[in-house]
Amino acid sequence: RGFYPRLAWTGMKQNRRLYLPYLLTCTGVTAVFYILMGLSVSSVLPQMSGGRSTALIMSLGSMVIAFFALIFLFYTHSFLIRRRSREFGLYNVLGMGKGNIARVLLWETLLSCGATTLIGLALGILLSKLAEAALLNLLHLQIAYTFTVSIPSLLLTLGLFAAIHALIFLRSLWELHRVSAVALLRSESVGEKPPRARWALAVLGVGFVALGVWFESFRIPVNFLFPLGLRAQGFYCGGDYFPLLPGFGWFLLGAVIGRTAYRKKQSLLPRVNAANPVIRFFSFCGRHSLLIYMLHQPVLTIGTILIFG
């Protein structure tokens, strides 16, 4: 009694370097989904100018987050399970049947789902209320504000991520059922197989890109559909406005090209001299791209103020 939960917990601790990014991703998308859903049904937004349009945009954004969460969590979990294939193969060789390994996977799914969903909901509740308070303070509105939790948003978040984790678990069972112990032992060293549906993804990608280009050719009378690429006349957008369409189409095409051309995880570019100063400079920028992205705007802003007053 308690053998499978302990084995699942031990496996997660021993592979924490693999599990931590996955668990953080689950927590983050749970929090973001609840924030958007909570804001879309907030009692504060209807009392603001343009609040109804903002609520609709938040609702559309939550649907986009749900769709991307399903895709991204499937991909990250498949990578995690692939890296643990040798471990499961050893379990099988040492006498554990696939049913026993399935129980270990079930407990790992329950532990990861429970922990990330609860922590994500706690963060989502806190941050959604902070966002509402920030809106009130920014607009200098005198509205009676009370701390409440949206029960429909809470239940919808619980149901959505419980369903996603259940689908991930069923996919893991399917992969486990299809392979033998020897294949599990060797699968970590074998290159990634190109997905069977890559041409279907390519067709979808081309269709989404074409649809996004078509959206740019006309305007609609309302402005709240701009996240999808549908804009009203006179809509102003900055240089970083990239709507879902055709952006998602480019994402699908990039995924197809990347998983087809680089399935062996080897660069197709010729080798370069790593000691070359130019190569070293661009390598440094690539390794620290997030830091450079975060610092370039304040640095440029301060520099512009100092130069032009």
Side-chain angles (χ1 to χ4, degrees), residues 20-77 109-168 222-232 235 237-238 240-245 247-248:
L20 185 59
Y22 172 70
L23 296 177
L24 290 176
T25 303
C26 293
T27 304
V29 294
T30 303
V32 171
F33 180 81
Y34 177 83
I35 290 171
L36 293 178
M37 283 301 303
L39 290 176
S40 68
V41 298
S42 171
S43 59
V44 173
L45 288 183
Q47 304 177 56
M48 298 166 47
S49 176
R52 296 187 183 278
S53 298
T54 303
L56 184 56
I57 292 172
M58 295 293 179
S59 180
L60 290 173
S62 65
M63 290 188 286
V64 173
I65 290 295
F67 180 71
F68 276 99
L70 178 63
I71 296 176
F72 196 64
L73 293 183
F74 258 77
Y75 182 80
T76 52
H77 189 268
T109 302
L110 291 175
L111 290 173
S112 60
C113 176
T116 59
T117 303
L118 291 178
I119 296 174
L121 281 173
L123 288 174
I125 292 171
L126 175 63
L127 295 177
S128 66
K129 297 308 169 185
L130 288 176
E132 287 182 355
L135 282 174
L136 293 176
N137 184 64
L138 181 65
L139 300 175
H140 305 288
L141 296 177
Q142 300 297 326
I143 300 175
Y145 181 76
T146 57
F147 186 88
T148 57
V149 177
S150 172
I151 300 300
S153 300
L154 184 69
L155 295 178
L156 185 59
T157 305
L158 286 172
L160 172 68
F161 286 94
I164 290 177
H165 284 282
L167 291 174
I168 290 173
V222 293
N223 205 22
F224 57 82
L225 293 178
F226 72 90
L228 300 178
L230 293 166
R231 291 171 288 178
F235 174 78
C237 58
D240 56 353
Y241 170 68
F242 297 100
L244 183 64
L245 300 174
F248 184 58

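Quick caveat: nothing in here was measured; it's all calculated off a predicted structure.
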Check whether any side-chain heavy atom of F161 lies under 4.5 Å from a side-chain heavy atom of C26, and answer yes or no. no
Taking ring-ring contact (aromatic ring centres under 6.0 Å, His included) as the test, write out the residues that go with F72, two or more places apart. none
What is the minimum heavy-atom distance between A162 and C113, and which atoms define it? CA-SG, 4.3 Å
Which atom pair, heavy atoms only, marks the closest approach of A66 to L160? CB-CD2, 3.7 Å
With the side chain counted from C-beta on, respond yes when T25 and Y75 share a heavy-atom pair under 4.5 Å apart, and no when they do not. no
State the OG1-CD1 distance between T117 and I164, to the nearest 0.5 angstrom. 9.0 Å
Shortest non-hydrogen contact between L154 and Y34, atoms and distance: N-CE1, 3.7 Å
Inter-residue atom distance I35.CD1 - L127.CG, 0.5 Å rounding: 4.5 Å
Would you give the length of the straight line joining atom CG of L121 to atom OG1 of T116, rounded to the nearest 0.5 angstrom? 9.5 Å
CE (M37) and CG (L156) are apart, to the nearest 0.5 Å, by 5.0 Å
Can you list the residues that meet the ring-ring contact (aromatic ring centres under 6.0 Å, His included) rule with F74, with sequence neighbours excluded? none
To check you understand the geometry: which heavy-atom pair defines the closest contact between Y22 and L73, and what is its length? CE1-O, 4.0 Å
For the atom pair CE (M63) and CG (L36), what is the distance rounded to the nearest 0.5 Å? 11.0 Å
I168 side chain near T109 side chain, heavy-atom distance below 4.5 Å: no
Quick check on side-chain contact (heavy atoms from CB on, under 4.5 Å): which of V32, L244, V29 does F68 satisfy it with? L244
Do the side chains of L70 and L167 get nearer than 4.5 Å, heavy atoms only? yes
Nearest heavy-atom approach of L23 to S112 is CD2-CB, 3.6 Å
